[in-house]
Chemist: 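The structure is given below, and queries will be raised subsequently.
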Amino acid sequence: MVRLVVLRLGHRPERDKRVTTHVGLVARAFGASGIVLGDVKDEKVVEKLRKTCEMWGRRDFLVLDGVNSIEYVRKWKELGGVVVHLTMYGLHIDDVIDEIRSLNRDILIIVGATKVPRVYYELADYNVAVGHQPHSEVAALAVFLDRFYEGKELRFIYSDAKIIVEPCTRGKRVVIRE
Ligand code: SAM
């Protein structure tokens with residue numbers, strides 16, 4: 001099974017906690033295998049994501065902080081993985097997503113917070129635009145994963161979940177498993 005891991009660049013602990021946590025939540029819920037925070041540590045974000053995995057499943061979901069981003073990208077490529085950088089300046093997602101999927105190789109998905117240094121545009125095998133308007137790393141990641149999995153990820157079931165939602169027309173219904 002192909003692994004998709006998100007590399008979050010430029011996280012600023014004093015102002016990006018919520019957005020970076022949401023990048024991690026989307027990565028987990030939409031079928032990626034992990035999130036790595038580049039070049040900075042943030043125990044709060046790591047703790048929130050690990051707690052979510054503990055309750056809602058996917059205890060194998062990788063959550064790392066303080067990783068050297070450039071080294072991580074280079075190592076990923078050395079090991080045969082593909083690097084996708086999400087940027088509005090890249091190629092339109094619909095023009096490359098089938099090719100990326102068909103490679104059948106592990107994918108590192110880079111998303112920024114502030115201006116992404118040029119070196120990542122060079123290191124990426126694909127610079128991919130989710131439309132060519134500026135929006136959000138959370139939205140860009142969600143759309144990329146949804147296109148990659150062709151919508152199937154919304155029905156993924158996580159077998160180690162302690163809480164499972166039972167769909168209902170009104171209100172909230174959950175099953176607690178211990
Ligand atoms: N000002 C920053 C720049 O010039 O690179 C962009 C900041 S944007 C809020 C944060 C991240 O969202 C970007 O680094 C990119 O990963 C993602 N993003 C925003 N719009 C995008 C788009 N249209 N397509 C793909 N990714 C996008």
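When a ligand or atom number is given, it counts from 1 through the structure's own listing order.
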Chemist: Would you compute the distance between atom CG of Leu64 and atom CZ of Arg8 and round it to the nearest 0.5 angstrom?
Modeler: 16.0 Å
Chemist: Are Glu78 and Arg74 ion-paired here, with the side-chain N under 4.0 Å from a carboxylate O?
Modeler: no
Chemist: Applying ring pair (Phe, Tyr, Trp, His ring centres under 6.0 Å), can you list everything that pairs with Phe61, at least two apart in sequence or on another chain?
Modeler: none
Chemist: Does Met1 sit in a hydrophobic cluster with other residues, and if so which ones, taking ILVMFWY side chains as linked at heavy-atom separations under 4.5 Å, directly or through other members?
Modeler: none
Chemist: For Ile157, which fellow cluster members are found when Ile, Leu, Val, Met, Phe, Trp and Tyr are connected by side-chain heavy-atom distances below 4.5 angstrom, either directly or through intermediates?
Modeler: none
Chemist: Taking the basic N atoms (NZ, or NE/NH1/NH2) and the acidic carboxylate oxygens, is any pair closer than 4.0 Å for Glu14 and Arg12?
Modeler: no
Chemist: For ligand 1, list all ligand N or O to protein N or O distances below 3.5 Å, rounded to 0.1 Å.
Modeler:
{"residue": "ligand 1", "atom": "12 (O)", "partner": "Glu137", "partner atom": "N", "Å": "3.2"}
{"residue": "ligand 1", "atom": "14 (O)", "partner": "Gly112", "partner atom": "N", "Å": "3.1"}
{"residue": "ligand 1", "atom": "16 (O)", "partner": "Leu86", "partner atom": "O", "Å": "2.7"}
{"residue": "ligand 1", "atom": "16 (O)", "partner": "Gly112", "partner atom": "N", "Å": "3.2"}
{"residue": "ligand 1", "atom": "20 (N)", "partner": "His135", "partner atom": "N", "Å": "3.1"}
{"residue": "ligand 1", "atom": "23 (N)", "partner": "Val130", "partner atom": "O", "Å": "3.3"}
{"residue": "ligand 1", "atom": "23 (N)", "partner": "Gly131", "partner atom": "O", "Å": "3.0"}
{"residue": "ligand 1", "atom": "23 (N)", "partner": "Gln133", "partner atom": "O", "Å": "2.7"}
{"residue": "ligand 1", "atom": "23 (N)", "partner": "His135", "partner atom": "NE2", "Å": "3.1"}
{"residue": "ligand 1", "atom": "24 (N)", "partner": "Val130", "partner atom": "N", "Å": "2.9"}
{"residue": "ligand 1", "atom": "26 (N)", "partner": "Thr87", "partner atom": "N", "Å": "3.4"}

